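Data first, discussion second: the structure below is written as structure tokens.
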Protein chains: 2
Amino acid sequence: MNKFNEIYLDLEAAILNQRYKPGDLLPSENTLATTYNVSRETIRKALVLLLESGYIQKQQGKGSIVLDVKRFNFPVSGLTSYKEIQDTQHIKGKTILTKNERQLMPQHIIQQFNLPADTQVHYIERQRQVNGESVILDKDYLLTSIIPEMPDKEAENSLYNYIEHTLGLVIGYAQKEFTVEPITKEDKLLMDLQNDSHVVVVRSSVYLEDTRFFQYTESRHRLDKFRFVDFARRRTP
Amino acid sequence: MNKFNEIYLDLEAAILNQRYKPGDLLPSENTLATTYNVSRETIRKALVLLLESGYIQKQQGKGSIVLDVKRFNFPVSGLTSYKEIQDTQHIKGKTILTKNERQLMPQHIIQQFNLPADTQVHYIERQRQVNGESVILDKDYLLTSIIPEMPDKEAENSLYNYIEHTLGLVIGYAQKEFTVEPITKEDKLLMDLQNDSHVVVVRSSVYLEDTRFFQYTESRHRLDKFRFVDFARRRTP
DNA sequence: GAGTGGTCTAGACCACATA
DNA sequence: ATGTGGTCTAGACCACTCT
């Protein structure tokens with residue numbers, strides 16, 4: 001592991017353990033450099049990670065101020081799977097695999113990404129239940145050219161765990177789009193919608209680290225169960 | 001301006017102008033270092049900015065690959081004001097200032113942020129119109145202790161322009177929360193809702209660079225006009 | 001003036017991809 | 001073997017804050 005990553009994790013733990021409390025200043029970069037026995041630039045790389053995660057705010061001439069991270073509860077932003085969020089948030093839910101079959105990629109996605117017309121995918125459909133209610137419906141399209149097999153067990157457990165650990169692929173980045181759309185007959189069938197007329201739709205295109213497109217996902221959320229939290233830094237436009 | 005920022009803007013322009021096309025490799029870091037006459041670490045800082053903005057993907061041993069920046073997928077993520085989005089997207093809209101008055105910060109926000117009970121704010125309420133329809137309702141609470149005056153003209157134009165350029169304050173970061181909630185009587189009054197029962201609510205807490213809290217915003221969007229796009233990189237949880 | 005973070009350098013060694 | 005990006009260093013100078 002990198003030095004700066006180690007230091008980042010160490011400082012993160014110290015902040016989460018309240019060894020550094022909100023409003024406190026971290027030790028100066030020079031101090032940290034000597035205590036960790038690394039150069040100052042390495043410390044600065046660790047601090048950038050803390051900065052991006054919203055743990056600290058830096059001020060020239062002053063120091064690195066610890067922010068109140070408790071308020072930033074749900075880091076649902078970024079590229080994290082449902083299973084992973086569930087684990088880190090200690091939500092107990094249930095996933096029901098309703099479909100796992102090979103088919104051709106739907107036409108509109110073919111066009112959007114300029115894929116060959118005969119692109120084959122694993123189509124995976126899953127209901128996410130919380131307190132016995134189906135509140136999320138996930139539809140995943142995974143290229144069979146990159147992911148040859150998709151066992152039911154893995155689809156039910158964690159897709160990303162299977163892709164990264166079993167297959168050894170490295171996930172790189174994704175583009176996500178959030179909209180609110182009228183419900184379909186399928187939603188009505190597969191989700192426990194009360195009298196809702198709409199659902200939140202999150203569409204993601206996911207790429208490997210080598211820039212190969214490999215997954216398209218449509219995640220449909222019941223309105224009252226949808227919440228998205230983001231930490232943003234100002235960058236003058 | 002920094003060297004690495006200049007280089008970032010230069011490379012960004014080159015990508016947007018298609019001098020480097022999607023799939024192309026950027027010149028190597030060493031090449032860039034010599035052509036820009038800077039050290040390699042400086043080039044690397046510029047590349048980090050391109051990376052975070054989703055312009056490139058780096059691969060060890062290979063190079064920096066230019067990604068397909070779908071221009072219409074404008075990044076509404078981050079910390080950018082409505083006016084700024086409007087400008088960069090060339091949307092022609094109209095803002096109607098419906099309220100601009102001093103009052104006390106509402107009780108629930110006082111509690112949430114541990115503010116003094118008598119915290120005074122400018123309460124600003126604005127309708128955002130597109131094609132003559134009120135589709136967004138913005139409610140802003142700005143601490144008078146930090147922003148003493150709030151002229152109507154500035155409130156109607158751009159809050160952030162006024163805060164940053166006229167007052168010389170530096171905006172730092174924000175926490176945002178997206179939910180979908182039932183409409184209120186006020187929504188019904190101030191927005192052109194057809195038969196909608198819900199609106200998207202974006203609540204933001206905005207802080208200055210020196211970590212002072214100065215703004216709370218509630219932005220209410222008509223469902224069919226809401227769209228949020230995000231670029232995310234994988235960070236193993 | 002002393003201490004802080006912000007930028008930048010020139011060089012080193014490593015891990016990885018490609019030929 | 002060569003070239004690529006990834007990490008790390010030791011030092012320098014600058015801009016800023018605070019006393």
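What's counted below: heavy atoms across the whole structure, side chains too, no hydrogens, waters or symmetry copies. Just so it is clear, the structure is predicted and the values come from calculations on it, not from any experiment. Per chain, numbering begins at 1; letters A, B, ... match sequence-line order.
- In the model, Y36(B) has a side-chain atom that pairs as donor or acceptor with a side-chain atom of D10(B) under 3.5 Å.
- Here the C1' atom of nucleotide dT7(D) and the CZ atom of F4(A) are 7 Å apart, to the nearest Å.
- For the 3.5 Å distance criterion, the side chains of R233(B) and Q57(B) qualify, holding a donor opposite an acceptor.
- No hydrogens or angles considered: nothing links the side chains of T95(B) and R126(B) as a donor-acceptor pair under 3.5 Å.
- Taking every heavy atom of residues 31-48 of chain B and every atom of DNA chain D, pairs under 4.0 Å involve R40(B), E41(B), R44(B), by number.
- As rounded to whole Å, 19 Å separates atom P of dG3(D) from atom NZ of K58(B).
- Rounded to an integer number of Å, the gap from CD of Q57(A) to C1' of dT4(C) is 15 Å.
- A salt bridge does not link E125(A) to K139(A): none of the charged nitrogens lies less than 4.0 Å from a carboxylate oxygen.
- Between the side chains of Q18(A) and Y20(A), no donor-acceptor pair of N or O atoms lies under 3.5 Å.
- Among residues two or more places apart in sequence or in another chain, the ring-ring contact (aromatic ring centres under 6.0 Å, His included) test is passed with F213(A) by F113(A), Y207(A).
- Counting to the nearest Å, the C1' atom of dG5(C) and the CG atom of L51(A) are 12 Å from each other.
- We find that CD1 of I65(B) is positioned 11 Å from P of dG5(D), with the value rounded to whole Å.
- In this entry the distance linking NZ of K3(A) with P of dA15(C) reads 14 Å, nearest Å.
- Ionic pairing of K58(B) and E209(A) is not present here: no N-O contact between side-chain nitrogen and carboxylate oxygen is shorter than 4.0 angstrom.
- Going from atom CG of L25(B) over to atom P of dA17(C) covers 14 Å, rounded to whole Å.
- Here the P atom of nucleotide dG11(D) and the CD atom of E29(A) are 17 Å apart, to the nearest Å.
- Applying the 4.0 Å criterion to OP1 and OP2 of dG3(C), one finds that S28(A) has every side-chain N and O outside that range.
- In summary, the side chains of Q215(A) and Y160(A) do present a donor paired with an acceptor at a separation below 3.5 Å, with no hydrogens or angles considered.
- Once rounded to the nearest 0.5 Å, the distance linking CZ of R40(A) with CG of N30(A) reads 5.5 Å.
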Write down the protein N/O and nucleotide N/O pairs, taken from nucleotides 16-19 of chain D, whose separation is under 3.5 Å; answer none if there are no such pairs.
from: dC18(D); atom 1: OP1; to: K62(A); atom 2: NZ; distance (Å): 3.4

